[in-house]
2 protein chains.
Amino acid sequence: MRERVLAAATELVARDGIERFRYEEVAELAKVNKTTVYRNWPDHVELVIEALSSYDADSVVLKDSGDLRVDLAEFLVALADSLSTPRGRALSNVTASAPENEEVTAIVDAAHERRMATMRERLDKAFERGELPPVDVHFLTEMLSGPVHLLLRRGRRSFTREDADQVVDIILAGIHAVHAE
Amino acid sequence: MRERVLAAATELVARDGIERFRYEEVAELAKVNKTTVYRNWPDHVELVIEALSSYDADSVVLKDSGDLRVDLAEFLVALADSLSTPRGRALSNVTASAPENEEVTAIVDAAHERRMATMRERLDKAFERGELPPVDVHFLTEMLSGPVHLLLRRGRRSFTREDADQVVDIILAGIHAVHAE
């Protein structure tokens with residue numbers, strides 16, 4: 001029952017944001033009694049927080065195949081996939097609609113920090129091996145993932161592997177060129 | 001009266017999104033009678049649409065100084081400023097919270113299209129002059145503005161002229177390098 005309710009809550013936050021959240025809809029989608037939902041989660045924000053925290057840590061992995069271009073392109077595709085899941089869309093929606101809730105912000109920040117740590121680990125190896133001149137990891141991550149977020153938010157089309165290759169190629173070539181100046 | 005109500009509506013959508021929109025709050029902020037607001041805008045979505053459409057066209061200009069790097073960096077700073085105004089934040093919030101409303105989506109798309117046309121005009125000149133190899137204008141615009149949107153959404157810090165210079169330098173150098181390959 002718990003799992004079904006948490007999945008339903010995630011689905012609804014992804015669709016409507018946190019503000020339009022309704023117990024009736026969660027109960028209907030999860031196929032449980034509304035009273036059961038109320039009794040277990042008297043505060044709807046607590047339910048949302050538990051729903052968003054209950055999934056396994058982000059599935060966005062960044063491999064080390066030795067080829068930074070390929071690894072980063074695969075990372076961007078995995079990021080796009082993750083942002084497109086109910087949980088990913090729910091996380092985007094809660095920040096837009098509830099920037100003032102600290103617990104919600106903390107969940108979003110945690111997901112962001114996990115991705116940043118993943119990037120840092122891979123890039124540190126690239127710096128050591130001389131695959132990449134030393135750059136600010138935060139800044140590079142925003143540059144790489146900015147277009148992914150923007151394209152998905154527009155919602156006009158998906159983010160493809162071809163997009164990922166182009167973004168990575170241009171940014172890596174740009175960093176090398178600027179560094180060589 | 002109209003202007004005060006429209007400004008108040010924009011302010012509230014920027015803060016709360018369209019879902020939590022309340023006539024009482026608009027009336028209070030605009031310092032007018034609630035009945036006046038109801039009578040003039042019986043449908044709250046109509047009020048929001050009028051509020052978001054009532055401003056002058058986006059103030060994001062893209063100059064042609066002859067130096068593409070400087071022009072694009074100034075454009076990104078102007079974009080960040082525009083996205084940070086009540087109207088810019090309201091436009092971001094409505095799409096996140098009301099993706100299903102066609103009229104609202106049309107306003108957001110129009111703002112986006114205006115920016116794209118501005119970019120196209122300047123980039124076409126750059127292509128003609130050989131300042132830049134021919135690239136997809138949409139794609140380049142997403143790459144340049146992605147980090148601006150992402151940084152502002154995180155809300156941790158502002159987007160500076162230094163950020164703009166770095167983004168533009170890396171992307172322009174990258175395009176030249178990839179094209180020369």
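Below, chains carry the letters A, B, ... as their sequence lines are ordered, and counting in each starts from 1. Side chains included, hydrogens not; waters and symmetry mates left out as well; all remaining heavy atoms used.
Of residues 171-180 of chain B, those residues with a non-hydrogen atom less than 4.5 Å from any non-hydrogen atom of chain A are, in numerical order, I171(B), A173(B), G174(B), I175(B), A177(B), V178(B). Scanning residues 32-44 of chain A against chain B with a 4.5 Å non-hydrogen threshold yields no residues.
More than 12 heavy atoms of other residues, nucleotides or ligands lie within 6.0 Å of CD in E24(B), so this atom counts as buried by the packing criterion.
Under a hydrophobic clustering in which Ile, Leu, Val, Met, Phe, Trp and Tyr are joined whenever their side-chain heavy atoms come within less than 4.5 Å, directly or via other members, L83(B) and M116(B) fall into different clusters. V77(A) and F75(A) sit in two unconnected hydrophobic clusters of ILVMFWY residues. Membership requires side-chain heavy atoms under 4.5 Å apart, directly or through other members. Hydrophobic clustering of Ile, Leu, Val, Met, Phe, Trp and Tyr side chains at less than 4.5 Å, counting indirect connections, keeps L150(A) apart from F159(A). Under a hydrophobic clustering in which Ile, Leu, Val, Met, Phe, Trp and Tyr are joined whenever their side-chain heavy atoms come within less than 4.5 Å, directly or via other members, V70(B) and I170(B) fall into different clusters.
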Sequence neighbours excluded and cut-off under 3.5 Å, please list the side-chain donor-acceptor pairs for residues 135-146 of chain B, or say none.
from: D136(B); atom 1: OD1; to: H138(B); atom 2: N; distance (Å): 3.0
from: D136(B); atom 1: OD1; to: F139(B); atom 2: N; distance (Å): 2.8
from: T141(B); atom 1: OG1; to: V137(B); atom 2: O; distance (Å): 2.7
from: E142(B); atom 1: OE1; to: R154(A); atom 2: NH1; distance (Å): 3.3
from: S145(B); atom 1: OG; to: T141(B); atom 2: O; distance (Å): 2.5

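Heavy atoms closer than 4.5 Å to chain B are found in the side chain of D109(A), but not in its backbone.
Between chain A and the residues L151(B), D163(B), V148(B), the most heavy-atom pairs under 4.5 angstrom are made by D163(B).
A salt bridge (Lys or Arg N to Asp or Glu O under 4.0 Å) check over residues 116-133 of chain A, counting only residues at least two apart or in different chains, returns the pairs D64(A)-R122(A), D64(A)-K125(A), D64(A)-R129(A), D71(A)-R122(A), R122(A)-E131(A), R129(A)-E131(A).
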